[in-house]
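The structure appears below as structure tokens.
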Amino acid sequence: MSRPAPSPIYTLRGAGGPLNTLHFSCLGGDTPLLFSGSGTGAIHIWNLNNRRAEKIVEGHSGSSVIWVNSLQSKDALISQGRDMQVCLWDLREGRSELVDSVWTDSVGFCQCSLLESSPGNYLLAFAGSQTEEIKIIELPSKTPVCTLVPDAKLGMVMCIKLWQPDSGPGPLLLAGYEDGSLLLWDVTQRSKLSQVKAHPEPVMCLTFDTKRLRGISGSSEKKLTSWMLDTQTNLQLQDCVTLVNPGVSDLCIRDDGKLLASAGWDHRVRVFGWKKLRPLAVLQYHTDVVLSVAFSNHQDPRQRLLAAGSKDQRISLWSIYNEGADNS
């Protein structure tokens with residue numbers, strides 16, 4: 001007999017708006033944190049020990065927050081809003097001060113991507129003001145690095161992922177576009193390395209396993225498409241996973257490379273074994289579209305959680321069992 005679907009171990013309420021983005025910070029210190037960005041411009045910093053909001057950062061002039069991340073430690077936060085601003089916050093010693101901001105001039109929903117290039121220095125990629133344009137700058141200096149624009153008309157940039165390969169010179173960037181195309185860019189050379197048509201509809205989300213050089217993307221259709229990089233750094237389409245209902249908002253691979261979670265427009269979170277894309281669980285709790293999913297980075301595997309944020313203004317937290325995940 002298959003085991004019954006689990007229930008959330010607890011939920012976080014009070015965000016006051018749709019939960020567009022989630023980010024865990026559970027390493028170092030005694031207090032594991034979850035950052036959430038809402039549709040009302042509020043960033044909540046949730047203390048996972050007492051399950052309450054430790055702090056609420058009001059930013060982006062009330063515009064929707066679509067991406068949050070922490071820099072180095074829990075004391076520095078970066079956020080992106082629909083006000084076309086990326087904000088840097090100092091959270092040290094109870095502060096919540098705006099330290100700096102970057103004007104993106106982009107009206108889309110494409111989330112930024114951040115990569116630590118050297119200790120204390122970062123590359124930040126974001127959609128530019130022109131339809132297909134991706135801009136990359138260095139932080140904290142805000143020095144422009146490059147602008148990436150494809151030759152053909154692919155529509156808006158929908159999602160991006162910066163990463164540093166183990167071998168080879170500089171960073172690479174994966175980008176999903178409105179026409180369903182997936183492109184791999186060489187940031188140092190400012191050149192396109194590979195391109196595939198992954199979906200007939202816009203690529204709504206993607207995630208990438210840098211160890212296995214394998215990724216997966218979702219759109220408004222009833223399937224997920226997985227793909228990989230071959231030895232010549234070419235994108236190769238692999239398997240498809242057929243879903244019961246159409247529409248995926250977000251995808252996340254757990255750090256150990258064993259589990260994949262998807263945020264569904266059908267109010268459900270689906271968990272797959274990442275190796276073979278075998279369905280493991282369908283998590284039902286939310287009453288509206290699930291917008292974001294994130295796995296926690298607890299050092300102890302037994303403490304690791306899966307969080308899901310929904311349009312219903314609630315965050316559900318789940319303890320996902322690992323049995324059978326190794327070969328899935």
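No experiment lies behind these values; they were computed from the predicted model shown.
No side-chain heavy atom of Trp89 sits under 4.5 Å from any side-chain heavy atom of Asp75. The shortest distance between side-chain heavy atoms of Ser25 and Ser70 falls below 4.5 Å. Side-chain contact between Leu251 and Leu206 is absent, with no heavy atoms from C-beta onward closer than 4.5 Å. Here the side chains of Leu173 and Ile136 are in contact, with some heavy-atom distance below 4.5 Å. Annotation: side chain of Trp46 is in contact with side chain of Ser36 (closest heavy-atom distance under 4.5 Å). With contacts defined as side-chain heavy-atom distances shorter than 4.5 Å, the pair Ile320/Leu283 qualifies.
Residues Tyr177 and Val187 are members of one and the same hydrophobic cluster, defined by side-chain heavy-atom contacts under 4.5 angstrom among Ile, Leu, Val, Met, Phe, Trp and Tyr. Residues Phe295 and Leu280 fall within the same hydrophobic cluster, defined by Ile, Leu, Val, Met, Phe, Trp and Tyr side chains chained together at heavy-atom separations under 4.5 Å. A continuous path of ILVMFWY side-chain contacts below 4.5 Å connects Leu115 to Leu148, so both sit in one hydrophobic cluster. Under the 4.5 Å side-chain heavy-atom criterion for grouping Ile, Leu, Val, Met, Phe, Trp and Tyr, Leu22 is not connected to Leu33 through any hydrophobic cluster. In this structure, Trp265 is a member of the same hydrophobic cluster as Leu291, with clusters built from ILVMFWY side-chain heavy atoms closer than 4.5 Å.
Looking at Lys142 and Asp100, a side-chain N of the basic residue comes within less than 4.0 Å of a carboxylate O on the acidic one, giving a salt bridge. Comment: Asp256 engages Arg304 in a salt bridge, judged by a side-chain N to carboxylate O separation of less than 4.0 angstrom.
The salt bridge (charged side-chain N to carboxylate O under 4.0 Å, His left out) analysis of residues 33-54, with sequence neighbours excluded, yields no pairs.
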Apply side-chain hydrogen bond (donor to acceptor under 3.5 Å, both in side chains) to residues Ser38 and Thr40 and explain how you reach the verdict. CA-CA 5 Å; Ser38 82; Thr40 61; 2.9 Å; yes
Take His267 and Thr287 through the side-chain hydrogen bond (donor to acceptor under 3.5 Å, both in side chains) test and state the conclusion after the steps. CA-CA 6 Å; His267 314 172; Thr287 56; over 6 Å; no
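Asn297 places a side-chain N or O within donor-acceptor distance of the main-chain N or O of Cys26, the cut-off being under 3.5 Å. Side-chain atoms of Glu58 never come within 3.5 Å of backbone atoms of Gly62 as a donor-acceptor pair (strictly under, hydrogens ignored). Side-chain N or O atoms of Ser249 include one that pairs as donor or acceptor with a backbone N or O of Val290 at under 3.5 Å. Using a distance-only test at 3.5 Å, with no hydrogens or angles considered, no donor-acceptor pair links the side chain of Thr131 to the main chain of Met156. A side-chain donor-acceptor contact under 3.5 Å links Glu132 to the backbone of Gly155. Judged by distance alone, the side chain of Gln80 and the main-chain N or O of Cys112 form a donor-acceptor pair under 3.5 Å. Asp250 contributes a side-chain N or O that, together with a main-chain N or O of Val293, makes up a donor-acceptor pair within less than 3.5 Å. At least one donor-acceptor pair closer than 3.5 Å links the side chain of Asn20 to the backbone N or O of Val65.
By the 30° and 60° cut-offs, the orientation of the rings of Trp163 relative to Phe208 is tilted.
Here Asp312 pairs with Arg314 under the salt bridge (charged side-chain N to carboxylate O under 4.0 Å, His left out) rule; sequence neighbours left out.
Ser106 and Thr104 share no side-chain donor-acceptor pair at under 3.5 Å. No side-chain donor from either of Ser101 and Trp103 sits under 3.5 Å from a side-chain acceptor of the other.
Distance check: Leu305 CG to Leu48 CG gives 6.5 Å after rounding to the nearest 0.5 Å.
Both the sub-6.0 Å distance and the 45° axial angle are satisfied by Arg214 relative to the ring of Trp274.
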Side chains of residues 190-198: which donor-acceptor pairs under 3.5 Å do they make with residues two or more places apart or in other chains?
{"unit_1": "Arg190", "atom_1": "NH1", "unit_2": "Thr188", "atom_2": "O", "d": "3.0"}
{"unit_1": "Arg190", "atom_1": "NH2", "unit_2": "Val145", "atom_2": "O", "d": "2.5"}
{"unit_1": "Lys192", "atom_1": "NZ", "unit_2": "Gln195", "atom_2": "OE1", "d": "2.7"}
{"unit_1": "Ser194", "atom_1": "OG", "unit_2": "Leu235", "atom_2": "N", "d": "2.8"}
{"unit_1": "Lys197", "atom_1": "NZ", "unit_2": "Asp179", "atom_2": "O", "d": "2.3"}

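Surrounding CG of Asn50 are more than 12 heavy atoms belonging to other residues, nucleotides or ligands, all under 6.0 Å away. When the shell of 6.0 Å around CG of Asp230 is examined, it contains more than 12 heavy atoms from other residues, nucleotides or ligands.
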